[in-house]
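No experiment lies behind these values; they were computed from the predicted model shown. Throughout, protein chains are lettered first and strands after them, A, B, ... in sequence-line order, and every chain is numbered starting at 1.
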There are 2 protein chains.
Amino acid sequence: MAEVKLHGVWNSPFSCRVIWALKLKGIPYDYIEEDLPNKKSPELLKYNPVHKKIPVLVQGGRPICESMIIVEYIEETWPHKYPFLPTDPYERAMARFWIKYFEEKGPAIWMVSQTTGDEQVKFKKESLEILRTIDDHAGTLGKKKFFGGDNIGMLDIALGCIAHWTEVIEDVAGVKLFEAHAFPYLHAWTQNFKEVPAIKENLPDRDKMLILFKRGREKLLASQ
Amino acid sequence: MAEVKLHGVWNSPFSCRVIWALKLKGIPYDYIEEDLPNKKSPELLKYNPVHKKIPVLVQGGRPICESMIIVEYIEETWPHKYPFLPTDPYERAMARFWIKYFEEKGPAIWMVSQTTGDEQVKFKKESLEILRTIDDHAGTLGKKKFFGGDNIGMLDIALGCIAHWTEVIEDVAGVKLFEAHAFPYLHAWTQNFKEVPAIKENLPDRDKMLILFKRGREKLLASQ
């Protein structure tokens with residue numbers, strides 16, 4: 001039994017952030033799939049009483065919640081192999097600034113698949129602004145492959161949702177968001193990100209996600 | 001001229017977080033008051049093009065934005081004097097968890113003064129839940145004076161808004177939120193927090209805030 005346990009949900013980009021971090025660092029762990037739509041497990045409720053959400057990482061019986069806080073915990077617990085943050089305080093602050101930006105704004109992209117009509121138009125507009133802002137930032141990377149430099153860093157892990165989920169959201173919502181010609185730098189980053197084995201081998205199945213999210217959208221439309 | 005500059009607004013709890021951090025660490029700085037309701041300065045727009053908000057800390061010409069990211073930058077740049085974070089990764093993750101909780105939920109408390117009727121009732125309910133959750137957490141402190149232990153830490157700095165602004169919000173909104181008997185641990189913390197000279201000497205004037213925020217509320221009521 002591994003010392004580290006992860007409670008997650010297979011299609012969650014937040015679970016995947018933690019999986020990617022553990023894989024990049026080479027930390028063995030046991031994975032517990034939570035069945036959120038049906039019943040939150042007693043462990044999940046015990047470990048995350050404030051939010052009652054996945055992912056939760058448990059090490060030595062102590063739970064850590066919130067995906068990016070878990071990723072930073074992993075970084076600080078196993079700092080030497082595959083560092084996720086630079087050492088310079090200013091560069092660390094810049095990574096944290098963009099992580100916070102995406103944590104606050106990013107949910108608008110998901111909401112495009114959860115809304116219709118004017119509301120969806122509003123979330124589409126917000127999503128395009130977010131992608132524009134991050135693409136502009138990606139344009140400052142120069143020859144670096146990742147926001148973290150030559151290797152994946154904390155901001156890359158945070159933005160991983162864009163690389164794999166946005167396409168599925170577009171298909172489900174019938175709305176185009178992430179056009180390659182409009183966001184060239186972020187698109188190039190997406191390709192680099194998904195080529196890294198720890199990422200490529202740990203992305204949820206696109207077709208399974210599509211079926212699940214389309215079923216959710218059908219329910220939403222039927223309820224209107 | 002100090003190497004460090006802070007762009008802020010006198011009544012902002014977010015500016016105060018940075019001021020408290022600089023004072024606790026004993027870092028000299030120049031303060032630039034921004035006149036946000038009238039005109040954002042060209043420096044502010046240059047330094048924080050994404051959010052166009054205060055506070056912004058500038059060191060050696062390089063800007064850092066977002067109050068708690070600035071506080072963590074201050075911690076990492078001047079780590080030895082008055083440390084704001086413990087060294088243990090788990091305890092650091094716990095501090096970050098609660099900071100994120102309050103960053104996400106806390107604005108509901110301010111919104112009580114910015115709304116009326118059913119909307120205000122909703123924000124009051126949310127605010128009481130937030131205070132309840134943080135009071136429960138404060139109840140686990142035992143004999144420690146602060147969330148940071150014997151000294152003020154990053155979470156104390158984040159929660160500083162509760163210690164000084166909530167009372168003014170209550171007066172302006174005509175709504176009681178932070179009753180001592182309902183939230184005894186958080187109240188005790190408030191007293192401890194406001195006794196520390198770096199905090200006590202750097203709290204915006206209560207009466208001036210009251211006048212300013214009451215004027216804002218009168219405008220809100222007149223526009224309805």
task = Tell me, for B:Glu75 versus chain A, whether the close heavy atoms (under 4.5 Å) come from the side chain, the backbone, both or neither.
result = neither
Check: B:Phe213 ring centre within less than 6.0 Å of B:Trp110 ring centre = yes
ask   = Do B:His137 and B:Phe102 make the cut of ring centroids closer than 6.0 angstrom?
value = no
key: Residue selection (most heavy-atom pairs with chain B, distance under 4.5 Å) from A:Phe97, A:Tyr90, A:Tyr101   = A:Tyr90
task = Drop me the distance from A:Leu22's CG to A:Tyr31's OH, to the nearest 0.5 angstrom.
result = 11.5 Å
inquiry  = Need one label for B:Trp98: side chain, backbone, both or neither, based on atoms under 4.5 Å from any heavy atom in chain A.
reply    = side chain
task = Kindly compute the distance separating CG (B:Asn11) from NE2 (B:His164), expressed to the nearest 0.5 Å.
result = 10.0 Å
Contacting moiety of B:Met68, where chain A heavy atoms sit under 4.5 Å = neither
request  = Quick one: which of B:Arg92, B:Arg96, B:Glu72 has the most heavy-atom pairs under 4.5 Å with chain A, could you say?
outcome  = B:Arg96
task = Identify which of B:Ile74, B:Thr77, B:Val50 forms the greatest number of heavy-atom pairs closer than 4.5 Å to chain A.
result = B:Val50
inquiry  = Counting only non-hydrogen atoms closer than 4.5 Å, does B:Asp88 touch chain A with its backbone (N, CA, C, O), its side chain (CB onward), both, or neither?
reply    = side chain
query = Looking at the rings of B:Phe147 and B:Trp189, which for Trp means the six-membered one, are their centres under 6.0 Å apart?
reply = yes
ask   = Under a 4.5 Å heavy-atom cutoff, which of B:Gln59, B:Glu103, B:Lys100 has the most pairs with chain A?
value = B:Lys100
query = Do B:Glu66 and B:His51 pass the side chain to side chain donor-acceptor pair (under 3.5 Å) test, and can you show the C-alpha distance, the side-chain angles, and the key distance before you say yes or no?
reply = CA-CA 9 Å; B:Glu66 298 280 344; B:His51 299 299; 3.1 Å; yes
